[in-house]
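Only one structure is covered here, and it is reproduced in the block below.
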Amino acid sequence: MKNNIKFFFILLLIISSTAGFSQNSSSEDEKKVRAAILDYVEGVYEVDPARIKKSVHPSLVKRGTSLNRQSGEYSQFNEMTFGQLVELAKNWNKDGNRADSKTVRDITVYDVQDKTATAKVVAAWGTDYFHLAQIDGKWYIMNVLWQSLKSN
């Protein structure tokens, strides 16, 4: 029993010290990951494709499904390329009626390592899940999986 308690406390000490190191070592990278995702969202909201080009890698693969409001059914998953996303950013909120400074842009960063990260954003169009990569010291969105929200 004594050995089990001793083992438990040693294990707890190792886990807590490792977790603290990991969080501290990636705090700057986490800020950069958040900034890349904010550029992505704001690029669409503010009709600013330059922000998309700044944060999204040209080899982007974006797949998603949207809800048909009349039938209540989701579409088959569709793909979007980097070029199509840039074009979308030029037009999605062109009239200013879809998003403004108060429109949701809830970013959650799940994991940041030295070269990869995962995150999500809830935006006006739905939920996007991201894979990001650090290339030459800069974070880029590489993959996006999304769906529109039922409550939109």
Side-chain angles (χ1 to χ4, degrees), residues 12 14-152:
L12 186 61
I14 291 169
I15 290 170
S16 63
S17 66
T18 305
F21 176 77
S22 175
Q23 289 173 349
N24 293 335
S25 67
S26 65
S27 64
E28 189 60 36
D29 281 328
E30 183 175 334
K31 289 177 190 174
K32 291 176 182 179
V33 165
R34 283 182 182 281
I37 294 169
L38 191 59
D39 277 335
Y40 167 90
V41 174
E42 297 292 338
V44 176
Y45 281 3
E46 297 176 0
V47 192
D48 187 356
R51 290 184 79 171
I52 298 294
K53 293 176 183 177
K54 178 180 170 185
S55 64
V56 178
H57 196 271
S59 67
L60 170 78
V61 176
K62 181 175 178 173
R63 293 181 179 92
T65 182
S66 57
L67 182 67
N68 180 314
R69 302 278 178 228
Q70 293 176 337
S71 71
E73 299 291 323
Y74 280 96
S75 66
Q76 294 294 317
F77 279 84
N78 299 305
E79 287 192 10
M80 182 182 291
T81 65
F82 173 79
Q84 290 168 325
L85 178 60
V86 169
E87 289 303 310
L88 177 77
K90 290 178 184 178
N91 298 297
W92 188 83
N93 196 32
K94 199 171 193 174
D95 60 8
N97 292 330
R98 290 181 156 184
D100 61 26
S101 63
K102 295 178 184 151
T103 305
V104 66
R105 47 182 64 70
D106 184 16
I107 299 169
T108 304
V109 177
Y110 293 113
D111 186 37
V112 178
Q113 297 184 36
D114 54 340
K115 289 293 188 181
T116 61
T118 59
K120 121 179 169 177
V121 68
V122 177
W125 55 80
T127 303
D128 289 8
Y129 294 93
F130 300 95
H131 290 140
L132 297 94
Q134 187 180 99
I135 301 169
D136 297 328
K138 183 161 174 22
W139 285 97
Y140 292 96
I141 297 167
M142 304 295 286
N143 298 307
V144 179
L145 182 64
W146 69 273
Q147 77 169 54
S148 60
L149 299 174
K150 285 193 174 194
S151 62
N152 266 2

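Throughout, residue positions are numbered sequentially from 1 according to the sequence presented.
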Measure the shortest side-chain to side-chain distance between Gln147 and Ser66 over non-hydrogen atoms and say whether it is less than 4.5 angstrom.
no

Going by the salt bridge (charged side-chain N to carboxylate O under 4.0 Å, His left out) test, name the single residue among Lys53, Arg34, Arg51 that passes it with Asp39.
Arg51

Gln84 (side chain) donor-acceptor with Thr81 (main chain) under 3.5 angstrom:
yes

Could you report the tightest heavy-atom contact between Asn93 and Val44, atom names first, then the distance?
CB-O, 3.8 Å

Does any donor atom in the side chain of Gln76 or Asn78 lie under 3.5 Å from an acceptor atom in the other side chain?
no

Test Asp128 against Tyr40 for side chain to side chain donor-acceptor pair (under 3.5 Å), laying out the working first.
CA-CA 11 Å; Asp128 289 8; Tyr40 167 90; 2.4 Å; yes

Out of curiosity, Trp92 CH2 to Glu46 CD, how far, rounded to the nearest 0.5 Å?
12.0 Å

Between Asp100 and Tyr45: side-chain donor-acceptor atoms closer than 3.5 Å
no

Side chain to side chain, Phe130 and Val121, heavy atoms closer than 4.5 Å
yes

If you take all heavy atoms of Ser55 and Ala36, which pair is closest and at what distance?
CB-O, 3.2 Å

What about the rings of Trp125 and Trp146, do their centers lie closer together than 6.0 Å?
no

Here the pair of heavy atoms bringing Lys54 nearest to Lys138 is O-NZ, 2.8 Å

By side chain to side chain donor-acceptor pair (under 3.5 Å), which residues pair with Lys90, not counting sequence neighbours?
Glu87

Donor-acceptor pair, distance only, cut-off 3.5 Å: does the side chain of Asn68 make one with the backbone of Ser71?
yes

Ignoring hydrogens and angles, tell me if any N or O in the side chain of Arg105 forms a donor-acceptor pair with the backbone of Leu38 under 3.5 Å.
no

To the nearest 0.5 Å, how far apart are CG in Asn143 and CG in Leu132?
9.0 Å

One should read off an interatomic distance between Lys32 NZ and Ile37 CD1, to the nearest 0.5 angstrom, of 15.0 Å

Check: Phe82 and Val56 side chains under 4.5 Å, non-hydrogen atoms
yes

Check for a donor-acceptor pair, side chain of Ser75 on one end and backbone N or O of Thr65 on the other, with a separation under 3.5 Å.
no

Within a reach of under 6.0 Å around NE2 of His57, are more than 12 heavy atoms found that belong to other residues, nucleotides or ligands?
yes

Do the charged groups of Lys62 and Glu79 touch, with an N to O distance under 4.0 Å?
no

Does the Asp111 side chain pair with the main chain of Thr118, one donor and one acceptor, at a distance under 3.5 Å?
no

Nearest 0.5 Å, what's the NE2-CG distance between His131 and Leu60?
12.5 Å

Separation of Arg63 CZ from Leu145 CG (nearest 0.5 Å):
8.5 Å

For a quick test of reading the model, state the closest non-hydrogen atom pair linking Ala89 to Gly43 and the distance between them.
CB-O, 3.7 Å

Distance (rounded to the nearest 0.5 Å) between Thr116 OG1 and Trp139 CH2:
6.0 Å

Check whether any side-chain heavy atom of Val122 sits under 4.5 Å from a side-chain heavy atom of Leu149, and report yes or no.
yes

Just by distance, no angles: are the side chains of Gln134 and Asp29 close enough, under 3.5 Å, to form a donor-acceptor pair?
yes

Considering all heavy atoms of both residues, which atom of Ala117 and which atom of Val33 are nearest to each other, and what is their separation?
CB-CG2, 3.8 Å

